[in-house]
Amino acid sequence: MISSRKAKAIGLFSGSLDSILATKLITEQGVNVVALHFQVPFAVPGRFPDSEQLQSLAELLGVSLVSVEVGAEYLDIIRAPQFGYTRYLAPCVDCRAYMLKKAKELMEEIKADFVFTGEVLGQQPFSQNKRSLKLLEKSTGLNGRLLRPLSAKILDPTIPELSGLVRRERFFDFHGQKRRRQIRLAREFGIVDYPIPGGGCLLTDSNFAARCRDALEHNELTLEEVKLLRYGRHFRLPSGAKVIVGRNEKENETLERLAAGQDVVVCKPVDVMGPVALYRAKRKTKKETELVARICARYSDAADGQTVKINCGGREIAVAVVKDDEVANGRIVWDRDWSREKEPMVDKENK
């Protein structure tokens, strides 16, 4: 028997196809929904809707949108994830747990009945298997009140289903990584404007993950640092100094803007076209500044063997282009051995 009381729910809302469909499945049953969106520093630019698009989606779905920008405490998940990393430096289970705990707090604050997500069983091998989904429910204190509409029919019934707040028969049994059924369902709902499904956050990218791991190892991981990690080529010098070299005009402009107000030396070629190079060190030396200038010259339009003038923090230095083998060991790249040491705990439990 369906309850006559109008239910209220909190939905995790990334703006992805799955979260859109899950929200639609809940609202069409007359539930008042608050769509909770998290602005995280590791989102891939252009992969998910911006704030204006999110608001448009919320209006289309008839829900209230609450957008939360995560704070510095979110970085603790990257530093020491309770459930380990899934791919490269992505702590997917811990990240989802963080969001669900915040959703639970909001649920209690506004006296909502349950929380729901767009998770699909088996879509992600580590973070969306049955064990992980149950683990998330238990670790966040949402026992029985965490509903996954897209896979509800192949998961245990939840309190809102058992109590008649929502109808279980109107949900689905989606599973696996293919999204054909989701795309077909979106078409049936008349939903045509949504992000292309697939992909993860920046922490699932080996290059970005390597930079992030390096920042962790040097105690430099901050929200401001994460912005810098998105751009350029990154080098770690023997002294521990950090060098970032822009790869194009847009990155050069961005690096200069992000360097403002920081204890960073900005290096740029004087007579030839070339990159912006940022030099950050606890103790900047003349010898190391020259090395940074040579690295900057390496990625300029200077010909081999040409002496290049580089402006480093207002001082011009004439240098020869650095040879690749001189800095090869300093280029920050992913270490496969480190990756193997950090297998996800959830996966180990499944073995």
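All heavy atoms count here, side chains included; hydrogens, waters and symmetry mates do not. Source: prediction; values computed, not measured.
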E52 atom CD, over 12 foreign heavy atoms within 6.0 Å: no

Over 12 non-hydrogen atoms of neighbours within 6.0 angstrom of CZ in R180: no

N/O donor-acceptor pair under 3.5 Å between N252 side chain and V276 backbone: yes

NZ or CZ of K153 within 45° of F171 ring axis and under 6.0 Å: no

I110/I10 under side chain to side chain contact (heavy atoms under 4.5 Å, CB included): CA gap, chis, key distance, verdict: CA-CA 10 Å; I110 69 172; I10 309 296; 3.4 Å; yes

R96 and Q128: side chain donor to acceptor below 3.5 Å: no

Close side-chain approach of S19 and L12, heavy atoms under 4.5 Å: no

Modelled atom types, side-chain donor and acceptor of T117 and E119, under 3.5 Å: yes

Common cluster, V327/I332, ILVMFWY with side-chain heavy-atom separation under 4.5 Å: no

Enclosure of D325 CG (heavy-atom neighbours >12, cutoff 6.0 Å): yes

Row check, F114 ring normal vs R145 NZ/CZ: under 6.0 Å, within 45°: no

Main-chain N/O of G274 paired with K268 side-chain donor or acceptor, under 3.5 Å: no

Considering all heavy atoms, the nearest L36-V68 contact: CD1-CG2, 3.8 Å

Closest non-hydrogen atom pair between G176 and V120, with its separation: O-CG1, 4.0 Å

Step-by-step side chain to side chain contact (heavy atoms under 4.5 Å, CB included) determination, L142 to M107: CA-CA 10 Å; L142 282 166; M107 179 187 76; 4.0 Å; yes

K104 and E108: CA distance, side-chain angles, deciding distance, salt bridge (Lys or Arg N to Asp or Glu O under 4.0 Å) verdict: CA-CA 6 Å; K104 180 174 181 286; E108 293 171 344; 2.7 Å; yes

Atom of I26, atom of P149 and distance for their closest heavy-atom approach: CD1-CG, 3.8 Å

Audit row: L258, Y231, side chain to side chain contact (heavy atoms under 4.5 Å, CB included) steps and yes/no: CA-CA 10 Å; L258 292 175; Y231 306 101; 4.0 Å; yes

Check against salt bridge (Lys or Arg N to Asp or Glu O under 4.0 Å), D76 and R79: CA-CA 5 Å; D76 291 337; R79 294 187 182 97; 2.8 Å; yes

Gap between atom NZ of K282 and atom NE2 of H218 - 0.5 Å precision: 9.0 Å

Rounded distance [0.5 Å steps], CZ in F42 versus CG in L229: 8.0 Å

From CA spacing to verdict: salt bridge (Lys or Arg N to Asp or Glu O under 4.0 Å), E251, R230: CA-CA 9 Å; E251 281 199 346; R230 292 170 175 260; over 6 Å; no

Side chains of N32 and K6 in contact at under 4.5 Å (non-hydrogen atoms): yes

Any donor-acceptor pair under 3.5 Å from N129 side chain to G122 backbone: no

From CG (L146) to CG (D156), nearest 0.5 Å: 12.0 Å

salt_bridge(K287, E290) N-O dist < 4.0 Å: no

Closest heavy-atom pair and its distance - V272, A302: CG2-N, 4.4 Å

Whether Y88 and W334 hold their rings parallel, tilted or perpendicular, with breakpoints at 30° and 60°: perpendicular

Where P275 and P269 come nearest, the two heavy atoms and their spacing: O-CD, 3.2 Å

From K134 atom NZ to N143 atom CG, the distance as rounded to the nearest 0.5 Å: 12.0 Å

Expected output: side-chain R148 to main-chain L133 donor-acceptor under 3.5 Å: yes

Under 3.5 Å donor-acceptor, T285 side chain and E288 backbone: yes

Y194 with F174, same ILVMFWY side-chain cluster at under 4.5 Å: yes

Student check: side-chain heavy atoms of I183 and L17 closer than 4.5 Å: yes

Side chains of E161 and T158, donor plus acceptor under 3.5 Å: yes

Under 3.5 Å donor-acceptor, D113 side chain and A7 backbone: no

From CA spacing to verdict: salt bridge (Lys or Arg N to Asp or Glu O under 4.0 Å), E225, R280: CA-CA 12 Å; E225 183 69 14; R280 183 176 62 202; 2.8 Å; yes

Pair V292-L237, side chain to side chain contact (heavy atoms under 4.5 Å, CB included): steps then yes or no: CA-CA 9 Å; V292 176; L237 304 186; 4.1 Å; yes

Heavy-atom donor-acceptor pair, E316 side chain to K309 backbone, under 3.5 Å: no

Reference residue D263; test salt bridge (Lys or Arg N to Asp or Glu O under 4.0 Å); the match among K242, R283, K284: K284

Side chains of Q39 and S67, donor plus acceptor under 3.5 Å: yes

D94 versus F83, closest heavy-atom pair with distance: OD1-N, 2.9 Å

From CD (E253) to NZ (K250), nearest 0.5 Å: 9.0 Å

Q123 and D18 side chains, donor-acceptor separation under 3.5 Å: yes

L65 vs L54 side-chain heavy atoms within contact, under 4.5 Å: yes

Salt bridge (Lys or Arg N to Asp or Glu O under 4.0 Å), paired with D324, selected from R294, R331, R233, R298: R298

Test item: S127 side-chain N/O and Q124 main-chain N/O as donor-acceptor pair under 3.5 Å: no

N/O donor-acceptor pair under 3.5 Å between E109 side chain and L106 backbone: no

Heavy-atom check, side chain of F208 versus side chain of L203, under 4.5 Å: yes

Geometric cation-pi criterion, R181 with F172: 6.0 Å, 45°: no

Side chain H37, main chain F13, donor-acceptor under 3.5 Å: yes

F116 side chain near T23 side chain, heavy-atom distance below 4.5 Å: yes

Single-linkage hydrophobic cluster, 4.5 Å side-chain cutoff, V265 and V245 together: yes

Path from L216 to V40 over hydrophobic side-chain contacts below 4.5 Å: yes

Cluster link V333 to I244, ILVMFWY, side chain under 4.5 Å: no

Euclidean distance, C212 SG relative to D205 CG, rounded to 0.5 Å: 11.5 Å

